[in-house]
Amino acid sequence: MANSRWFSVLAAMALALVTLMGWATAKDEIVVAHIGQITSIDPAYPNWSSNSNTVYGLVYEPLIKYARDSLTEFVPVLATEVPSRENGLIVDGPDGSVLITFPIRTGVKFHEGGTLTPEDVKYSFLRKLTLEPPGGEAAPVLLALTGYESLDDWAKALEPGIEGFAEASDETVKAMFEVLDQAITIDGDKVTFRLKVPTGLFLQFIAQVQPAGQITDREWVIEQGGWPGTWETWKDYYNPKEEETALYDKANGTGPFRIVRWDITSQEMTLERFDDYWQGPARIKTVRLKYVEEWSTRKLMLLNGDTDFAYVPPQFIPQVEGLPGITVSEPEPSGVIRVIFFQWPINGTRFTGSGQLDGNGIPPDFFADINVRKGFLYAFNWDRFIEEVLGGNAFQIKGPVSTLCPVSKLDIPVYHYDREKAIEYLKAAFGGQVWEKGFYFVAVHNAGNFLAKSALELLREELRSINPKFNFDIHAATWNEFIPLRTSSQIPLFYSGWGFGYPDGYDVINAYLASDGYFNPYIPGLAELCKTHVDPILDQALRTFDANERAKLYAEVLKFAYEYATHFYVVEEAVRMVYRNEVKGWYFHPALDGINMPGIDFYSLYKE
C-alpha cells in the first residue's frame with residue numbers, strides 16, 4: 001500500500017512537472033489559442049482582416065518589410081535592396097512621375113515547387129489591383145500608379161455615363177489594362193513601378209501585409225483557376241465573392257511555413273515548416289492556430305501547456321501575471337484601436353425593435369441626429385473604462401489613429417465623460433422626443449471580445465442611469481455572422497477594431513473616414529459627410545511628401561471627426577503577450593499582425 005501511495009505521489013509530481021515544462025505541446029511546434037476567425041487565405045481578396053494577415057505573414061512574403069526595431073526603416077525580403085535615391089533605385093521621370101526599382105532575389109522557391117521570377121512579382125500586384133472593389137486595401141497603390149483610387153472612378157472618368165468598372169466597354173477595359181501594364185515593368189531581374197502620383201508613402205504601402213505586396217506564383221495561381229493576366233478576362237474576375245476567389249482555401253507562397261490543413265468549420269489551421277525556405281528552415285516544425293472563444297478554456301490550455309500563446313483580454317491579465325511557467329510581456333502601444341460605430345440609416349428592423357421612436361425601438365435615422373451621437377459620447381466614462389476594466393493598460397485615442405502615429409502628438413480635442421452635457425444633448429435629440437419616449441435597440445460585437453462587451457455594458461449602464469427609458473441589449477456574433485450584418489447596414493451600434501497599419505496613419509484614417517473607405521460605403525449618412533469634409537484632405541495628404549505636413553492634414557480630418565461626432569473612438573490597447581516560458585525568440589513589433597493579439601514572427605521562435 002505504501003509503495004502504491006508513493007507511486008501516486010510521484011506520478012502526480014511528474015504530471016505537474018510536465019505541465020510546468022510545457023511538454024503538452026511538442027518541442028518543435030507552436031500552438032496559438034486566439035479568438036479571431038480566418039475568413040479567407042487569398043491575399044488578393046480585400047478582407048482587411050488581421051486574422052488572415054497573420055496567415056499571410058507565415059506563408060507569403062513582400063519585397064521589403066520593416067526592420068525589426070524600427071517603424072521608419074526597411075529591410076529587403078524578396079527584393080535584394082531597399083530602393084532609395086542614394087542607391088539610384090528611386091529616380092524622377094521626365095514627365096513628373098517617380099520610378100522605383102526593386103532588384104528581385106533569385107533562387108527563391110515557392111511551396112509548390114516553382115521558382116520566384118520578376119513576372120510573379122508583377123502578376124501578384126496586378127492581380128490584387130484588378131480584383132479589388134472601391135475601398136480595397138490596395139487603393140493607395142492604385143492611386144499612386146494610375147491617379148485613381150478605384151477602378152470604378154477610373155472607368156467612369158474614361159467612359160462617362162456608366163456606373164462603374166463592371167459596365168465598362170472592352171475599349172475602356174483594354175485602355176485601363178495597358179496603363180497598369182506599363183506602370184509595372186520588368187527589365188532582367190528588376191521590377192520598376194512608375195508612380196504617376198508620387199507619394200512618400202509607397203514603400204510603407206508595399207511593406208505592409210494588407211496592400212498589394214504579397215507575392216504568389218503566377219503559373220500556379222492560373223492553374224488553380226485564378227485570373228489569367230489578360231485584359232480580356234479582367235471583368236470576369238473583378239470584385240468576386242470571398243469564397244469564389246481562386247485562393248480562398250489554398251495558398252502557395254515563399255514564406256517559412258506552408259498550410260497543410262485548414263478546417264473552416266472548426267477554425268483550426270495547421271502549418272508546417274518549408275524546408276526549402278531561402279533563409280533556411282525555421283527551428284519550429286509545426287504551427288497550429290486554434291479558435292478558442294472562451295477565455296476560461298484558453299486559460300486552462302495555457303496553464304496545462306496545451307497552447308504556447310493565448311489571447312488574454314486586458315482585464316484578465318492579473319489572472320496570469322506571476323504564474324509559474326508563464327511569461328507576460330511588458331505593456332506596449334499595440335497600434336490596435338477600438339471603435340464603436342453609429343449606423344445611419346439603419347437597414348431593416350432586426351436590431352431596432354419597433355423601428356420607431358416610441359420607447360420600444362428606434363427609427364432608421366436615429367443616429368443621424370448629432371445630438372444623439374454627442375449624448376452617447378459624453379455618457380461614456382473613459383477614465384473608468386481604462387482604469388477599472390483595462391487596469392490602466394490602454395490609451396484614449398484622438399481619432400482612428402494609434403498613439404504611435406505623428407498626428408497623435410498634435411493638439412486635437414477629444415470627448416470626455418460629462419454627465420450634464422450628455423443630458424443636455426439627449427434632451428435636445430429629435431426635438432425632445434428621445435428624452436420623453438426613450439429608446440431600445442440591439443448593439444453587436446464579435447463573440448469572445450470581452451473588451452467590446454465591457455465597453456458597451458459601461459455605456460448602457462450610464463445611459464440607463466441618465467434616463468430609465470434608455471435601453472439597449474448586447475448581442476455577441478461570430479465573425480462570420482458579424483461581417484454580413486455590418487455590410488448590410490443592419491446594426492445600429494457596433495463595436496470593431498483595427499490593427500496597426502502604416503506608421504503614418506493614412507490607411508486607418510482612410511478606412512474609417514474616407515467616403516469610399518472600408519467602412520463608410522455601408523454607412524451612407526456618414527459617407528455623405530465625409531465626401532465633402534474628408535476626401536479632398538486625404539487626397540492632398542497622399543500626394544504630400546513631407547511627413548509633418550501630412551500630419552497637419554490628418555489633424556484637420558480628426559478635428560472634423562470630433563466636431564461631427566462621427567464615431568465613438570474608445571481606446572488603443574496597451575497590449576501584452578502571454579506565452580509559455582519555454583518559448584523563445586518572440587519580440588514585439590506593431591507592424592506584425594496578430595489574431596486579436598500582438599503579432600508573432602514565427603520564423604524567429606524556438607523552444608528550450
Side-chain angles (χ1 to χ4, degrees), residues 32-36 48-51 53-54 71 210 293 295 298-299 302 309-321 327-341 380-405 407-409 414-416 445-459 476 479 482 494-503 505 507-509 511-512 567-579 586-600:
V32 180
H34 61 86
I35 65 165
W48 290 97
S49 167
S50 60
N51 308 332
N53 290 346
T54 298
L71 284 172
Q210 285 177 339
E293 183 176 317
W295 157 238
R298 296 195 304 277
K299 180 181 177 181
L302 186 68
F309 291 85
Y311 168 65
V312 181
Q315 63 268 41
F316 296 134
I317 287 289
Q319 295 185 18
V320 295
E321 282 187 296
T327 295
V328 180
S329 70
E330 291 299 313
E332 299 276 4
S334 65
V336 178
I337 64 170
R338 305 298 184 182
V339 177
I340 295 174
F341 289 76
F380 189 74
N381 194 327
W382 268 272
D383 290 341
R384 184 180 168 195
F385 181 64
I386 291 172
E387 294 303 322
E388 294 183 13
V389 177
L390 300 179
N393 293 313
F395 312 95
Q396 185 174 357
I397 50 179
K398 297 180 177 180
V401 288
S402 163
T403 57
L404 295 164
C405 298
V407 65
S408 290
K409 310 299 187 290
V414 296
Y415 284 91
H416 55 276
H445 67 85
N446 58 310
N449 193 329
F450 288 96
L451 189 152
K453 182 172 179 288
S454 300
L456 291 169
E457 287 176 341
L458 184 62
L459 174 63
W479 194 248
F482 177 78
F494 63 90
Y495 185 101
S496 189
W498 197 273
F500 188 71
Y502 313 137
D507 62 326
V508 187
I509 297 173
Y512 280 85
H567 299 79
F568 209 124
Y569 299 114
V570 186
V571 294
E572 173 183 11
E573 295 175 54
V575 292
R576 306 177 75 175
M577 182 64 95
V578 180
Y579 57 99
W586 180 81
Y587 62 92
F588 175 76
H589 196 297
L592 286 172
D593 273 302
I595 305 181
N596 288 91
M597 57 200 296
I600 302 172

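The list of side chain to side chain donor-acceptor pair (under 3.5 Å) pairs with a residue in residues 387-400, not counting sequence neighbours, reads R384-E388.
In this structure a side-chain-to-backbone donor-acceptor pair under 3.5 Å is missing from R338 to S496. Without hydrogens or angle criteria, S334 side chain to V575 main chain gives no donor-acceptor distance under 3.5 Å.
With sequence neighbours excluded, no residue satisfies salt bridge (Lys or Arg N to Asp or Glu O under 4.0 Å) with E572. Here S454 pairs with nothing under the side-chain hydrogen bond (donor to acceptor under 3.5 Å, both in side chains) rule; sequence neighbours left out. Considering only residues two or more places apart in sequence or on other chains, E332 meets the side chain to side chain contact (heavy atoms under 4.5 Å, CB included) condition with F588. Shown here are the ring-ring contact (aromatic ring centres under 6.0 Å, His included) partners of F385, two or more places apart in sequence or in another chain: F380. In this view, H589 satisfies the side-chain hydrogen bond (donor to acceptor under 3.5 Å, both in side chains) rule with no residue, not counting sequence neighbours. Among residues two or more places apart in sequence or in another chain, the ring-ring contact (aromatic ring centres under 6.0 Å, His included) test is passed with Y569 by H567. For E457, the side-chain hydrogen bond (donor to acceptor under 3.5 Å, both in side chains) partners two or more places apart in sequence, or in a different chain, are K453. Not counting sequence neighbours, the partners of F316 by the ring-ring contact (aromatic ring centres under 6.0 Å, His included) test are W295, F450. Under the side-chain hydrogen bond (donor to acceptor under 3.5 Å, both in side chains) criterion, Y512 pairs with no residue, sequence neighbours left out. Residues meeting the salt bridge (Lys or Arg N to Asp or Glu O under 4.0 Å) test with K299, sequence neighbours left out: none.
Of all heavy-atom pairs between A394 and V571, the closest is CB-CB, 4.1 Å. R298 and A310 make their closest contact through O-CB, 4.4 Å (heavy atoms, listed as atom of the first residue, atom of the second, distance). Across all non-hydrogen atoms, the minimal contact from G599 to W586 is O-NE1, 3.0 Å. Across all non-hydrogen atoms, the minimal contact from P400 to V508 is O-CG1, 3.1 Å. In terms of heavy-atom proximity, C405 sits nearest to K409 at O-NZ, 3.7 Å.
Interatomic distance, I386 CD1 to F395 CZ, rounded to the nearest 0.5 Å: 9.0 Å. Note: W498 CH2 to I337 CD1 = 8.5 Å, rounded to the nearest 0.5 Å. Of the inter-residue distances, the one linking Y415 atom OH with W382 atom CH2 reads 8.5 Å to the nearest 0.5 angstrom. To the nearest 0.5 Å, atoms OH (Y495) and CG (L459) are separated by 12.0 Å.
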Next item on the list: Kindly indicate, with the supporting measurements, whether the criterion side chain to side chain contact (heavy atoms under 4.5 Å, CB included) is fulfilled by V389 and L451.
Entry: CA-CA 8 Å; V389 177; L451 189 152; 5.9 Å; no
Check: Stepwise, does the side chain to side chain contact (heavy atoms under 4.5 Å, CB included) test hold for V401 with I509?
Finding: CA-CA 7 Å; V401 288; I509 297 173; 3.4 Å; yes
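Residues I317 and L390 fail the side-chain proximity criterion, which asks for heavy atoms closer than 4.5 Å. At least one side-chain heavy atom of I600 sits under 4.5 Å from a side-chain heavy atom of M577. Counting only heavy atoms from C-beta outward, the side chains of S408 and I397 never approach each other to under 4.5 Å.
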